[in-house]
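Heads up, the thing below is written out as structure tokens.
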Amino acid sequence: MIAARLSSPATRSFAVSVVVAFAVAGPAVASPALAAPAFPSADGRCVDETDVLDGLCDRITSVLRQDEKASSDEIAVAVVPTTGDASIETWSTGLFNDWGVGEAGADNGVLLVVAVDDHHVRLATGRGMAQRLDDTTAAEIVNTVITPEFSADHYAAGVLNGLDAVRRALGHAVDSSTSLASLTPAVSDPEVVDDDGSFPTDGSFAGDGSFLDDGSFPTDDYAYEDSSSGAPVWLFVLAVFGILGLFGWAANRAGGSSRGLRTTASNDHHQHHTTGAAIGLTSSSSSSSWSSSSDSSSSGFGGGSSDGGGSSGSW
């Protein structure tokens, strides 16, 4: 009887459907795709989700904003950890169009995208940049200016020098006062670190509580002061208690006058505290208002678009 049921057309059809469903769903369950990350929200002209720019985004935005006022070109940079399973080309073009870099119609935008964990970089250009910043020039900037710095783990230098190279290619004025490269954080302190990156071992640190030639700390008498030469601690303690006792005696002597003074001081303190709080609230409100106004105006682009122009690189 069971065999008869299994051999019925309806049963066979159901079994085939189950097998097909598992065949289709099985590979998807076994190897889920790594989704591409969502596009970050625009924030001025610089977004850094990895902190490799050492907090320079506000200053980068300020310089690029000045360029926009003089030329109407819009240049931006986005530093992200990864583009997931999307290629750097596809993801960068998508971000470019999502933000709308460049003026609508003119499409005069440039977007530098750095995917730090992927070791990929893309210089994406708007449709209107074909003559002023063609793919060949973009490739030269990527390969000779940006990626060599990235290979040395100098991400801030690569981004800043790359943006300056783009600005020059577009004809923007870049001098000592407007150069983004001048913002590059110092790699080392020449007063502390030798040319080879090591600490000096020529004895120049000896005698100041630092290292000797053999790497040990100095133990000579000149390196440290003799702590036993100071005054005994108990004398200091007695002096403190003596001073406190005098203050207590003076306070009791004052009597009611002292209480009146304390009341007045308390009222003055309360008034000062209230005034200070009001000032703090006013300052906070003003700052919040400025921040809100800045956020609403500093992140907008002109509505430009890209059709995939530009160049990519890796390191």
Side-chain angles (χ1 to χ4, degrees), residues 36-50 52-53 55-81 83 86-116 120-135 137-138 141-142 146 156 158-160 162-174 178 180 183 290-312:
F39 297 136
S41 299
D43 184 10
R45 295 297 177 259
C46 177
V47 170
D48 180 16
E49 295 186 336
T50 64
V52 299
L53 294 180
L56 292 174
C57 267
D58 287 344
R59 300 175 71 181
I60 291 172
T61 292
S62 178
V63 172
L64 295 180
R65 282 290 198 179
Q66 293 299 318
D67 276 10
E68 289 178 24
K69 292 179 180 179
S71 67
S72 78
D73 297 331
E74 293 183 356
I75 305 173
V77 56
V79 184
V80 297
T83 61
S87 67
I88 187 72
E89 293 80 10
T90 300
W91 197 85
S92 297
T93 302
L95 178 63
F96 191 113
N97 293 327
D98 182 73
W99 283 0
V101 185
E103 289 189 328
D107 297 322
N108 54 339
V110 179
L111 175 63
L112 175 62
V113 176
V114 182
V116 176
H120 290 154
V121 59
R122 174 76 177 173
L123 196 56
T125 57
R127 294 188 179 99
M129 288 294 185
Q131 299 298 323
R132 301 173 60 200
L133 183 61
D134 57 32
D135 293 354
T137 304
I141 294 173
V142 168
I146 300 176
V159 169
L160 297 172
L163 291 174
D164 276 348
V166 169
R167 296 167 65 207
R168 291 188 180 96
L170 296 178
H172 298 182
V174 181
T178 60
L180 286 168
L183 303 178
W290 178 89
S291 176
S292 174
S293 174
S294 174
D295 289 344
S296 64
S297 63
S298 66
S299 61
F301 289 92
S305 61
S306 171
D307 57 6
S311 182
S312 304

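Both backbone and side-chain heavy atoms feed into the values below; hydrogens, waters and symmetry mates do not.
Using a 4.5 Å heavy-atom cutoff, the side chains of V159 and L112 are in contact. Proximity of V166 to I75: side-chain heavy atoms (C-beta onward) are separated by under 4.5 Å at one or more points. A heavy-atom distance below 4.5 Å is found between the side chains of C46 and L53. Inter-residue side-chain proximity for V114 and V80 is flagged as unmet; no heavy-atom pair is nearer than 4.5 Å. At least one side-chain heavy atom of V79 sits less than 4.5 Å from a side-chain heavy atom of V116. When side chains are defined from C-beta on, V121 counts as touching V142, because their heavy atoms get closer than 4.5 Å. Between L170 and L133 there is a side-chain heavy-atom pair separated by less than 4.5 Å.
Panel note: side chain W99, backbone P40; a donor-acceptor pair is recorded below 3.5 Å. Under the 3.5 Å distance criterion, the side-chain polar atoms of D73 are left unmatched by any main-chain donor or acceptor of G109. Here the side chain of D135 pairs a donor or acceptor atom with the backbone of G310 at under 3.5 angstrom. A donor-acceptor pair under 3.5 Å links the side-chain atoms of T178 to the main chain of A173, judged by distance alone. At least one donor-acceptor pair under 3.5 Å links the side chain of N97 to the backbone N or O of T93. Formation of a donor-acceptor pair under 3.5 Å by the N108 side chain with backbone atoms of M129 is not found in this model.
Atom CZ in R122 sits 11.5 Å away from atom CD1 in I146 (nearest 0.5 Å). With values rounded to the nearest 0.5 angstrom, D107 atom CG is found 4.0 Å from S305 atom OG. To the nearest 0.5 Å, atoms NE2 (H172) and CG (D67) are separated by 5.0 Å. Going from atom CG of L56 over to atom CG of L183 covers 6.0 Å, rounded to the nearest 0.5 Å. The distance from atom CD of E68 to atom CZ of R65, rounded to the nearest 0.5 Å, is 5.0 Å.
Checked by atom type, the side-chain pair D43/S41 shows no donor-acceptor distance below 3.5 Å.
Ring centroids of F39 and W91 are separated by less than 6.0 Å, placing the two rings close together.
Nearest heavy-atom pair, G308 versus S306, reported as atom, atom and distance to 0.1 Å: N-OG, 3.1 Å. Heavy-atom minimum distance, G102 versus E74: N-OE1, 2.6 Å. Of all heavy-atom pairs between F301 and A42, the closest is CE1-CB, 3.8 Å.
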Original post:
Stepwise, does the side-chain hydrogen bond (donor to acceptor under 3.5 Å, both in side chains) test hold for T61 with D58?
Top reply: CA-CA 5 Å; T61 292; D58 287 344; 5.5 Å; no
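For V63, the side chain to side chain contact (heavy atoms under 4.5 Å, CB included) test picks out R167, L180, with sequence neighbours left out. Qualifying salt bridge (charged side-chain N to carboxylate O under 4.0 Å, His left out) partners for R168, counting only residues two or more places apart in sequence or in other chains: none.
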